[in-house]
Protein chains: 2
Amino acid sequence: MNGSLVPLGKPRPERADAVRNRELLLATVREMLAEGGTGCVTMDALAERARLGKGTVFRRFGTRAGIFRALLDADERIFQEQVLCGPPPLGPGASALDRMVAYGQARIAFLLDHHSIARAALDRNQPVPAGEATITRVHLRMLLGQAGLGLPDLDSLAIQLTGALEGPLLLYLALPEPDTPPSPAAGRPLADSWSILIHRLLRTEPGSTAT
Amino acid sequence: MNGSLVPLGKPRPERADAVRNRELLLATVREMLAEGGTGCVTMDALAERARLGKGTVFRRFGTRAGIFRALLDADERIFQEQVLCGPPPLGPGASALDRMVAYGQARIAFLLDHHSIARAALDRNQPVPAGEATITRVHLRMLLGQAGLGLPDLDSLAIQLTGALEGPLLLYLALPEPDTPPSPAAGRPLADSWSILIHRLLRTEPGSTAT
DNA sequence: CGCCTAAACGGACTTTACCCCGTTTAGCGC
DNA sequence: GCGCTAAACGGGGTAAAGTCCGTTTAGGCG
């Protein structure tokens, strides 16, 4: 399929068996996830089930958390695409305010969907290595810039809002049960307060024009 | 002090050797922390260094994260006291807005101080088991109530603000180096955007009295 | 003062992430 | 096809968290 489409920008793109094994491993992980939660995904068990050596698993993903990051990445890319070039409230074409609210709602739903995987993708040592957190921060930063509030240091604000959006789901509200029955209403309260927060944050000062 | 003040509400308060060993362990942990970061605090090493069995260490703290939680608790109690009955901007006696801003500043400084310990106190399985995160949520919730904005569901908002305050430090901005030289300026940007966030959040609507 | 019981202790055992390095193989040039 | 080299593979080895259970002891009671 795409083997001929890639013009080999890098000297060694990747060996065919490596690709095959990566996909085999990811498929196997998905199987195991379906059977028992993230807890039963063990490096040994995964390797054995995929009929590969343990070393191979680590070579592909580096760490246990890496497996789940790889799993997230696929869906994350789809999500990102919706944000970058999807229909208006979420994608471009709406006001910064509307897009921020829409983004929050979409992100909460996404994290709720991928809750157990997202948590498993957290690494005790590395502090979210430019993974799924970054997209939120970058996108919020951009929208804050577009919103044109006269604030210095939008970077810190973007980081803080990222914490407001993702922190509760990654840190505090971790649902204890392994398999989350798809309850889309669970994130409603959070989405509502996100909307309020953003509306008030971006509301222009009563008597100021720009400064 | 309080040893005689507690009228033994529970049948067995705690055995003397247990108390002695807990304190011995905590002191030993502090020693080890001073020498090498949290990384070198191993259950085995700790037990050996304190001349105790590993089982004892686990009995006392339950889990590795529990050790660091115990360590935090001491300082956390002091922090909490400042908040509950300290001088005005942080303690009672100021407006809800001023107190929220002051709390954010104080909390950021606190987390920055205890950064490595606070992160080590995070448990992969349990989602911050009513530990140091809760004080923030509860306190913010109370102040939001006092602020008297006409919003429903202040609980979610409090959770979200907790994420805004603590998420960046616990999740994203994890400084990689083991020993943080006390650089009090590191949290400045965050404290500033917290102030902005709170000011805008609590700002009363231009032409509305209550709704 | 000695008994008795519940609590504390100790350390071997199990599980799991992660490392290492000798072996195999894909894929390129001839 | 043939060989060569860098990459991938395999799986035993290590370290550290957490469990189990037999042994010891604090401390209340007769």
Side-chain angles (χ1 to χ4, degrees), chain A residues 3-4 6-8 10-26 28-29 32 36-71 119-126 129, chain B residues 3-4 6-8 10-26 28-29 32-33 36-70 119-126 129:
Chain A
S4 57
V6 176
L8 304 189
K10 315 156 192 173
R12 289 297 135 74
E14 194 170 36
R15 236 167 74 169
D17 51 350
V19 174
R20 190 167 7 96
N21 283 338
R22 160 186 283 105
E23 311 225 326
L24 168 60
L25 283 170
L26 286 177
T28 308
V29 171
M32 298 175 79
T38 56
C40 86
V41 176
T42 279
M43 299 310 256
D44 289 354
L46 173 57
E48 185 180 11
R49 183 150 174 172
R51 303 302 199 84
L52 292 172
K54 210 184 343 180
T56 304
V57 180
F58 278 94
R59 164 172 287 267
R60 283 281 81 81
F61 300 111
T63 179
R64 187 185 125 97
I67 293 177
F68 297 101
R69 242 181 290 131
L71 230 43
R119 269 185 69 83
L122 255 38
D123 199 322
R124 32 169 142 281
N125 310 325
Q126 258 49 12
Chain B
S4 57
V6 175
L8 304 188
K10 315 156 191 171
R12 292 293 135 74
E14 194 170 36
R15 234 166 75 170
D17 53 348
V19 174
R20 190 165 9 95
N21 283 336
R22 161 188 281 104
E23 311 223 328
L24 168 60
L25 284 170
L26 287 177
T28 307
V29 171
M32 297 173 80
L33 279 176
T38 56
C40 85
V41 176
T42 277
M43 299 310 253
D44 288 347
L46 173 57
E48 185 180 13
R49 183 149 173 175
R51 302 301 200 84
L52 292 172
K54 197 168 27 158
T56 304
V57 179
F58 277 95
R59 163 173 287 268
R60 285 281 80 83
F61 300 111
T63 177
R64 187 184 126 98
I67 293 177
F68 297 102
R69 241 180 291 133
R119 269 186 69 83
L122 255 38
D123 201 326
R124 329 275 105 267
N125 312 323
Q126 258 48 14

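When reading the values below, keep in mind they use all heavy atoms of this one structure, side chains included, and skip hydrogens, waters and symmetry mates. Chain identifiers are assigned alphabetically (A, B, ...) following the order of the sequence lines, protein sequences preceding nucleic acid strands; residue numbering begins at 1 within each chain. Just so it is clear, the model here is predicted, and its values are computed rather than measured.
The residue among B:Glu14 and B:Ala65 whose nearest nucleotide of DNA chain D is located toward the 5' end is B:Ala65.
Remark: A:Thr42 is not in phosphate contact with C:dT15, judged by side-chain N or O atoms under 4.0 Å from OP1 or OP2.
Expressed to the nearest 0.5 Å, how far CG of A:Asn21 lies from CZ of A:Arg15 amounts to 10.0 Å.
In this entry the distance linking CG of B:Leu24 with C1' of C:dA8 reads 14 Å, nearest Å. Rounded to whole Å, the distance from CZ on A:Arg64 to P on D:dA17 is 16 Å. Here D:dA16 presents its P atom at 18 Å from CG of B:Asp123, a figure rounded to the nearest Å. A straight line from CE of A:Met43 to P of D:dG11 spans 16 Å, rounded to a whole angstrom. Nucleotide C:dA17 holds its C1' atom 10 Å from the CD1 atom of A:Ile67, rounded to whole Å.
Of all non-hydrogen atoms in B:Arg60 and B:Leu25, the two that sit nearest each other are CG-CD1, 4.0 Å. Between A:Val57 and A:Met43, the shortest heavy-atom contact is CG1-CE, 3.8 Å. Here the closest non-hydrogen pair linking A:Ala65 and A:Leu122 is CB-O, 3.9 Å.
Residue-to-nucleotide contacts include a donor-acceptor pair under 3.5 Å from the side chain of A:Arg15 to the base of D:dA7.
Distances from the side chain of A:Asp44 to the nucleotides C:dA8, D:dA8, C:dT16 place C:dT16 closest.
Panel note: side chain A:Arg69, backbone A:Phe61; no donor-acceptor pair is recorded below 3.5 Å.
A 6.0 Å sphere centred on CD of A:Glu48 holds no more than 12 heavy atoms belonging to other residues, nucleotides or ligands.
Using a 4.0 Å cut-off on heavy atoms, the residues of residues 46-62 of chain B that approach DNA chain D are B:Lys54, B:Phe58, listed by number.
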